[in-house]
Amino acid sequence: MIYDYEAFKRSVLDMTKIDLNAYKEKQMRRRIDTLINKYKMSGYEEFLGALKSDKKIFEDFVNYLTINVSEFYRNTDQWELMDKQYIPELISKFGPNLKIWSAACSTGDEPYSLVMALSRHLPLSQIKILATDLDKQVIAAAKMGLYSEKSIANVPNDLKNKYFTKVGASYQISNEIKARVEFKEHNLLKDIYPDRCHFIICRNVLIYFTEEAKDEIFKKFSTSLVKDGILFIGSTEQIMNHKDYGYNRKNSFYYQKV
C-alpha cells in the first residue's frame, strides 16, 4: 500500500501540479482514503484511473484536498488591531495605493473582509486586492459571493448592513466589494509569487504543510514583501524563527519585513 500511495502521489503531481509530499502524510492519506471509500473504489490505482477519466471526480478530488474552512473577520480582535493600527501605518508609510495579496484565499471571506476593513480608511475606488487559491472551485464560489449567516457572523454590523443582501437563507456580498478583488489560481508550492507587496494575508492554511514546505513559503512571502511590509497569519501559525526569514514580530499574528 505504501508503494501504491507513492506512485499515486507522483501521478497526482503530474496531473495537477499538487505535490502531496508537502502535506502531512497521515492527515492527507486519511482524507484521500475517505474519498476513495466514498466512491466505493478498491484503492489508489482504481481511484487514479477515475481521476483521469471522470472530470467530476477529478474536480471533487482537488476540492476535497484543499482546506476551505473560512469565515469573515476570523479572530475579530486581530481585525480590530488591523483597523486601528496596521492599516493606518501602511497607508502612512506607503500611501493609499497599497499592493495587497490574499494568499490561499479559499471562498473569498478574507479578501472581501480586507476590502471592507480598508473601506473605513480609503475610498473603494482606491482599493485593489489580489486573491489567489489552488482550487478553481472555491475561486468560483468566491466570485459568486454568496455566504451563510454563520460565515458573516463576525462582520461589523454597519458593514454587514451596507454590503450584504439577504437572499433566502444566504447573504450576497455587494458587487462594489467584489469589484475590488481580482481572483487567480495559484499554487504556493510551485508558482511565482507576486512582488513588491505591502501587505500579505495567509491564514490557517500553513498548518497543513510540512515544516520544510512552511519554511519555503515563509521565505517566499518575505521576498514578496517590500521593506516594512506586513504578513498577517493564522492563530496557530506563529513563526518561531521569524528573524531567520527577515521578519520582526509585531505580535502573534503580524510580522513585518525588516
> If we only count heavy atoms from C-beta on, is the Gln256 to Leu225 side-chain gap below 4.5 Å?
Replying inline: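 Of all side-chain heavy-atom pairs linking Leu225 with Gln256, none is under 4.5 Å.
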
>> Would you say that Glu110 contacts Cys105 through its side chain, given a criterion of any heavy-atom pair below 4.5 Å between the two side chains?
In response: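 Glu110 does not reach Cys105 side chain to side chain.
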
> Is it the case that Asn248 and Tyr254 place a side-chain donor and acceptor less than 3.5 Å from each other?
Replying inline: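 No, because no side-chain N or O of Asn248 sits under 3.5 Å from a partner of the opposite role on Tyr254.
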
Count the heavy atoms of every other residue, nucleotide or ligand shown that sit under 6.0 Å from [atom1] of [X], and state whether that count exceeds 12.
X      : atom1 : value
Gln85  : CD    : yes
Lys166 : NZ    : yes
Lys128 : NZ    : no

Exercise: identify the closest heavy-atom pair between [X] and [Y]:
X      : Y      : value
Ile127 : Val115 : CD1-O, 3.8 Å
Met116 : Ile177 : CG-CD1, 3.9 Å
Lys84  : Pro88  : O-CG, 3.6 Å

Does the ring centre of [Y] sit less than 6.0 Å away from the ring centre of [X]?
X      : Y      : result
Phe61  : Phe47  : yes
Tyr193 : His186 : yes
Tyr86  : Phe253 : no

Name each donor-acceptor pair under 3.5 Å that joins a side chain in residues 145-156 to protein atoms two or more places apart or in another chain, with its distance.
from: Tyr147; atom 1: OH; to: Thr107; atom 2: O; distance (Å): 2.6
from: Ser148; atom 1: OG; to: Ser151; atom 2: N; distance (Å): 3.1
from: Ser151; atom 1: OG; to: Asp109; atom 2: OD2; distance (Å): 2.8
from: Asn154; atom 1: ND2; to: Glu71; atom 2: OE2; distance (Å): 3.4

>> Angle between ring planes, Phe72 versus Tyr112, binned at 30° and 60°: parallel, tilted or perpendicular?
In response: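 Judged by the thresholds at 30° and 60°, the geometry between Phe72 and Tyr112 is parallel.
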
Backbone N or O of [Y] within a donor-acceptor pair of the [X] side chain at under 3.5 Å?
X      : Y      : result
Thr34  : Arg30  : yes
Ser119 : Leu124 : no
Tyr245 : Phe221 : no
Lys99  : Asp195 : yes
Asn241 : Asp244 : no
Lys178 : Met144 : yes
Asn187 : Leu134 : no
Lys257 : Gly229 : no

>> Determine whether Asp33 and Tyr44 satisfy the following criterion, side chain to side chain donor-acceptor pair (under 3.5 Å), listing intermediate values before the conclusion.
In response: CA-CA 8 Å; Asp33 289 346; Tyr44 298 121; 2.8 Å; yes

> Does one hydrophobic cluster hold both Tyr39 and Met28, with members joined at side-chain heavy-atom distances below 4.5 Å?
Replying inline: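 Result: yes, single cluster for both.
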
>> Would Ile233 and Leu206 count as a side-chain contact (heavy atoms from CB on, under 4.5 Å) here? Give the steps.
In response: CA-CA 9 Å; Ile233 62 173; Leu206 300 186; 5.6 Å; no

Enumerate, atom names and distances included, each donor-acceptor pair closer than 3.5 Å involving a side-chain atom of residues 75-82, sequence neighbours excluded.
from: Asn75; atom 1: OD1; to: Arg203; atom 2: NH2; distance (Å): 2.8
from: Gln78; atom 1: OE1; to: Asn251; atom 2: ND2; distance (Å): 3.3
from: Trp79; atom 1: NE1; to: Arg74; atom 2: O; distance (Å): 2.9

> Using 4.0 Å as the upper bound for N to carboxylate O, is an ion pair formed by Asp215 and Lys219?
Replying inline: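 Counted as a salt bridge, because a side-chain N and a carboxylate O are separated by less than 4.0 Å.
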
